[in-house]
Amino acid sequence: DKLTPEKVAELAQVFDEFRNSEMARISRQFRVGKGEVDEVRLGLDTAFLKVLSLEATRDELLELYRPIGQAIDQWLGNRNSRYGGE
């Protein structure tokens, strides 16, 4: 399905709301181990989901971030992964 012009405008508004936010480097945005959570990433994703009429809890998003973080870590060749609660 295509996004309606209204949804595109709402997503653009979300981008505008976060444009001045200090986001971590992409390699750190999905880090969830040892209490490390990028609150800006969580806020952005939660806002996108809301616009798309979808819901996910904080824990569900963190569960999703874990394998993403592990994949980024593997791609970057980091042997001492800090993702996944290690």
Side-chain angles (χ1 to χ4, degrees):
D1 295 334
K2 291 184 178 184
L3 292 174
T4 64
E6 293 81 15
K7 290 291 182 188
V8 172
E10 288 179 57
L11 290 170
Q13 183 176 349
V14 169
F15 272 116
D16 284 344
E17 289 172 12
F18 282 85
R19 74 173 175 232
N20 294 321
S21 298
E22 185 86 21
M23 293 195 77
R25 301 184 91 173
I26 193 74
S27 62
R28 298 181 68 87
Q29 288 180 21
F30 299 98
R31 186 166 285 173
V32 295
K34 296 188 179 183
E36 292 182 90
V37 176
D38 186 342
E39 296 295 336
V40 176
R41 171 91 258 166
L42 277 168
L44 180 65
D45 291 343
T46 300
F48 282 154
L49 290 172
K50 185 176 179 181
V51 168
L52 299 173
S53 301
L54 300 170
E55 293 182 26
T57 66
R58 177 185 178 89
D59 288 340
E60 289 170 334
L61 286 174
L62 294 179
E63 187 177 322
L64 176 63
Y65 293 171
R66 191 176 315 279
I68 295 170
Q70 290 169 339
I72 290 170
D73 200 43
Q74 183 178 19
W75 180 62
L76 293 174
N78 295 328
R79 293 186 183 155
N80 298 319
S81 175
R82 294 175 63 194
Y83 296 108
E86 298 175 5

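Along the sequence shown, residues are numbered consecutively beginning with 1.
- Taken to the nearest 0.5 Å, the CG atom of L64 stands 8.0 Å off from the CZ atom of F30.
- Salt bridge status for E36 with R28: present, with a side-chain N to carboxylate O gap under 4.0 Å.
- Crowding of E17 atom CD: a count of heavy atoms from other residues, nucleotides or ligands under 6.0 Å exceeding 12.
- A side chain to side chain contact (heavy atoms under 4.5 Å, CB included) with E10 holds for exactly one of T4, V51, L3; it is V51.
- Distance OG1/T46 to CZ/F48: 11.0 Å, rounded to 0.5 Å.
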Let me have the donor-acceptor pairs involving side chains of residues 37-45, under 3.5 Å, with sequence neighbours excluded, atom names and distances please.
from	atom 1	to	atom 2	distance (Å)
D38	OD1	V40	N	3.0
D38	OD1	R41	N	3.2
D38	OD2	A24	N	3.4
E39	OE1	R58	NH1	3.1
E39	OE2	R58	NH1	3.4
E39	OE2	R58	NH2	2.8
R41	NE	D45	OD1	3.4
R41	NE	D45	OD2	3.1
R41	NH1	Q29	OE1	2.6
R41	NH2	D45	OD1	2.9
D45	OD2	Y65	OH	2.5

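- Using modelled atom types, no side-chain atom of K7 and backbone atom of L52 make a donor-acceptor pair closer than 3.5 Å.
- Closest approach of A47 to F18, counting heavy atoms only: CB-CE1, 4.1 Å.
- With rounding to the nearest 0.5 angstrom, the CD1 atom of I72 is 10.5 Å from the CD atom of Q70.
- Atom CD of E63 sits in a sparse spot, with 12 or fewer heavy atoms from other residues, nucleotides or ligands closer than 6.0 Å.
- Applying the salt bridge (Lys or Arg N to Asp or Glu O under 4.0 Å) rule to R25 yields no partners; only residues at least two apart in sequence or on another chain are considered.
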